[in-house]
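Atoms considered below: every heavy atom in the structure, side chains included; atoms not considered: hydrogens, waters and symmetry mates. By convention in this document, chain letters (A, B, ...) are assigned in the order of the sequence lines, proteins followed by strands, and residues within each chain are numbered from 1.
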2 protein chains.
Amino acid sequence: MTNIKDIAKRVGVSTATVSHVLNGTGRVGEDTRKKVLHVIDELNYTPNRIAKSLKVKKTSTLGIIAEDVTVFNTPSIIDGINEVAENNGLGILLVNLRIFHKMGTDFSDKDKLRKLLAQAFEQLHMNQVDGIIYIGTYNRDVTEAIPPIQIPVVYTYCKTTNESDYTVNYDDEEAAYKATKHLIEHGHKKIALISGKVDSVHSHERFNGYCRALKENGVTLEPCLIKNGDWEVESGYYLTKELLDEKNRPTAIVALNDLMAYGSIKAAKEKGLNVPSDLSIIGFDNREFSAYTSPELTTMSIPLHLMGEKATYILHELINGKTLEERELKLYCEMINRNSVCKI
Amino acid sequence: MTNIKDIAKRVGVSTATVSHVLNGTGRVGEDTRKKVLHVIDELNYTPNRIAKSLKVKKTSTLGIIAEDVTVFNTPSIIDGINEVAENNGLGILLVNLRIFHKMGTDFSDKDKLRKLLAQAFEQLHMNQVDGIIYIGTYNRDVTEAIPPIQIPVVYTYCKTTNESDYTVNYDDEEAAYKATKHLIEHGHKKIALISGKVDSVHSHERFNGYCRALKENGVTLEPCLIKNGDWEVESGYYLTKELLDEKNRPTAIVALNDLMAYGSIKAAKEKGLNVPSDLSIIGFDNREFSAYTSPELTTMSIPLHLMGEKATYILHELINGKTLEERELKLYCEMINRNSVCKI
DNA sequence: CTGAAAGCGCTTACAG
DNA sequence: CTGAAAGCGCTTACAG
């Protein structure tokens, strides 16, 4: 490998001079500059960033810790991170926790989780990344699993209880409000809610949005129209059957994710009901498949790409020693109108 | 940041000794070893990998160049890479080309593509990665866009014309053969093919598999049952309508991807046909959405995760100076039986 | 405008 | 079993 010394020798200058033309620092005569550049090109020289990093104590690379890259939200967030990282000359060191493979679906083994995270952070630390973005698989409190860490971190798609931490998420409450209101505007009054797991932040906040929409529009909340699912297709399916069996059946359902919404569609069809003319359904997440169900699902789209962008923007500022006023960023979801909702 | 000198001073040994206990090299007395370990723990010391890398000229990190992380195939491949990288203590430096954002959908601007790749490889080169995995978005020849590079590279989900390159892909021919044969075994004789773009490697090889299955089973190939789509839903939709309008309409369709298969389902429904009882349809790719169409699509699953694993395994061997016999690895696809195919 | 030299945090012959 | 010292490829005061 050719190095800065080779270049210096060949041109007949010092390595300091070569370094200066490489970085645009210091004053270098136009003539020498050209000569240096020419030899660099000639010898096809690429500076060794590892060496530079060691010296300047800054790697210009960001660490990403993704709980699971195969989960639907993660690739788009990473794509957003890439976009702004690239614009700022930052590299990306990726660690994929593969949390579902290692922990199964409940994260109750706190010790194991803590060990997993400690390793991930340590790996990034060893590699001297300038900052870290942590991407969760769903919005839960990760505080107790996070080891102490002395470089900037921003959390996305998850949260912490530490007030000094930076998080970027989206506004669940507002999104559910919009979804519910959309149904009301289409003339629905009996609007069921199929919630996710009860201990979920998402369930909780979306429930609040649902309630607010009803209240603000003078629709009375009927407890029997509220069901708790577990985010999976099956629960949407069974709960919808339950709802449809009641005498006072709903004319619309807001399902708190697309998976359960799909279960709802299935159940409705089995009952001989047409979606949307007999039953309107609105989902959440705008997962890819929601465009391919029958009927195609109206759903709330999560600003994943933007979350990645914002997280990176914030991290970049933190790395540069700034502190930002707003520590909990909440982005807005957009409604994707497809064919599972209609006027009553 | 505490460093190896701090540890050495505190214990009262040389940095050489500390380094040896850190790496398990050399002979170190049990007593000093313990003392060193203790102080390392006490001072919460993490070795600086950057410094180590500079010295040993090996970073133990792999570079991934992904043409686009948001494309359906990429996350699972990365997940597979992570799995074996982790087992071998290798880190991952990710560069996401975001090729669709930058190039649009046709990659005809060869110069731009070449520049994009040159940058990506240079970035990885600067960071001294030990080897590179290149993940394409579809299997095409990338040779002319790849800059000269002196570290091991393995290509997956794409190919090169250079015989010394290592590639890992899946067997398109065999997969299409299996799909077609499956239909034949269900009593179908009039089996249409909706192909992807004609210049595609996938289209070409899958076409061959389709032909072989017909031939081996004594079914005559009917040219009018073969249509060329462009991989998008719309083309599957229109071509299926064409097929169904013919007097001698097919009883089954093999669509060369799930998107077009979805278009086929839509078209069949519009014609008042039931899938699968009036028309069997089999797709390709096993994209997530294929489990949520109505009916759920029978399709060929691509071994993405395994491709990532194999590519990493090969790269790891190459980095360690081995050369492998087989340079073009082809993995097998698995059929996912769902509800879009039935006996005639 | 340019160069000599120290130093970033490690590893590794080499000597003892 | 342990240490002194050179060196990986850069950058950056400092001096001129």
Problem set entry | Side chain proximity check, Tyr170(A) to Leu306(A), heavy atoms < 4.5 angstrom | no

Exercise. To the nearest angstrom, how far is Lys5(A) atom NZ from dA6(C) atom C1'?
Worked result: 14 Å

Exercise. Picking from dT11(D), dC8(D), dG3(D), which would you name as closest to the side chain of Lys52(A)?
Worked result: dT11(D)

For this session: In whole angstrom, give the distance that lies between atom CD1 of Ile40(B) and atom C1' of dC10(C).
Result: 13 Å

For this session: Name the closest nucleotide to the Ser14(B) side chain, picking from dG7(C), dG3(D), dT12(D).
Result: dG3(D)

Problem set entry | Minimum-distance nucleotide to Arg27(A) side chain [options: dC1(C), dT12(C), dT12(D)] | dC1(C)

Exercise. How long is the line joining CD1 of Ile4(A) and C1' of dT11(D), in whole Å?
Worked result: 8 Å

Seminar exercise, completed: To the nearest 0.5 Å, atom CG of Leu97(A) lies from atom CG of Leu113(A) at 7.5 Å

Seminar exercise, completed: Heavy-atom nearest nucleotide on DNA chain D taken for Ala16(A) and for Val13(B); more 5' hit belongs to Val13(B)

Problem set entry | Phosphate-side-chain proximity, Asn48(A) and dC8(D), N/O vs OP1/OP2 below 4.0 Å | no

Exercise. Is there a Watson-Crick or G-U wobble partner for dA13(C) with both distances under 3.5 Å, and which nucleotide is it?
Worked result: none

For this session: Look at all strands and tell whether Thr25(B) reaches a base, only sugar-phosphate, or nothing, counting heavy atoms closer than 4.0 Å.
Result: nothing

Seminar exercise, completed: Under a 3.5 Å limit on both distances, the Watson-Crick or wobble mate of dA4(D) is none

Exercise. Are Glu328(B) and Asn169(B) close enough that some pair of their side-chain heavy atoms sits under 4.5 Å apart?
Worked result: no

Exercise. Which one, dT2(D), dC10(C), dG7(C), comes nearest to the side chain of Ala51(B)?
Worked result: dC10(C)

Problem set entry | Pairwise C1' distance, dT12(D) and dG16(D) [rounded to whole Å] | 16 Å

Exercise. Does Lys55(A) place a side-chain N or O at less than 4.0 Å from the phosphate oxygens OP1/OP2 of dG9(C)?
Worked result: no

For this session: Take the protein atom NE2 of His20(B) and the nucleotide atom P of dG3(D), then report the distance between them rounded to whole Å.
Result: 11 Å

Exercise. Under 4.0 Å between a side-chain N/O of Lys58(B) and OP1 or OP2 of dT11(C), yes or no?
Worked result: no

Exercise. Considering heavy-atom distances to DNA chain D, does Val56(B) or Gly12(B) have its closest nucleotide positioned more toward the 5' end?
Worked result: Gly12(B)

Exercise. dA4(C) P sits how many Å from Lys9(A) NZ, rounded?
Worked result: 14 Å

Problem set entry | d(CG, Asn127(A); C1', dG9(C)) in whole Å | 14 Å

For this session: Answer yes when Asp111(B) and Arg114(B) have at least one side-chain N-carboxylate O distance shorter than 4.0 Å, and no when they do not.
Result: yes

For this session: Report yes if a side-chain nitrogen or oxygen of Thr32(A) is closer than 4.0 Å to either non-bridging phosphate oxygen (OP1 or OP2) of dT2(C); otherwise report no.
Result: yes

Exercise. Parallel, tilted or perpendicular for Phe121(B) and Tyr134(B), by the 30°/60° rule?
Worked result: parallel

Exercise. Going by an N to O cut-off under 4.0 Å, is there a salt bridge joining Arg98(A) and Glu83(B)?
Worked result: yes

For this session: Could you check how far CE of Met126(A) sits from P of dG9(C), rounded to whole Å?
Result: 16 Å

Exercise. Using a cut-off of 4.0 Å on non-hydrogen atoms, how would the nucleic acid contact of Ser53(B) be classed: base, sugar-phosphate, or nothing?
Worked result: nothing

For this session: Side chain of Leu54(B) only, please: which of dT11(D), dT2(D), dC8(D) is the nearest?
Result: dC8(D)

Problem set entry | Gap between atoms CD and P, on Gln128(B) and dG9(D) respectively (whole Å) | 9 Å

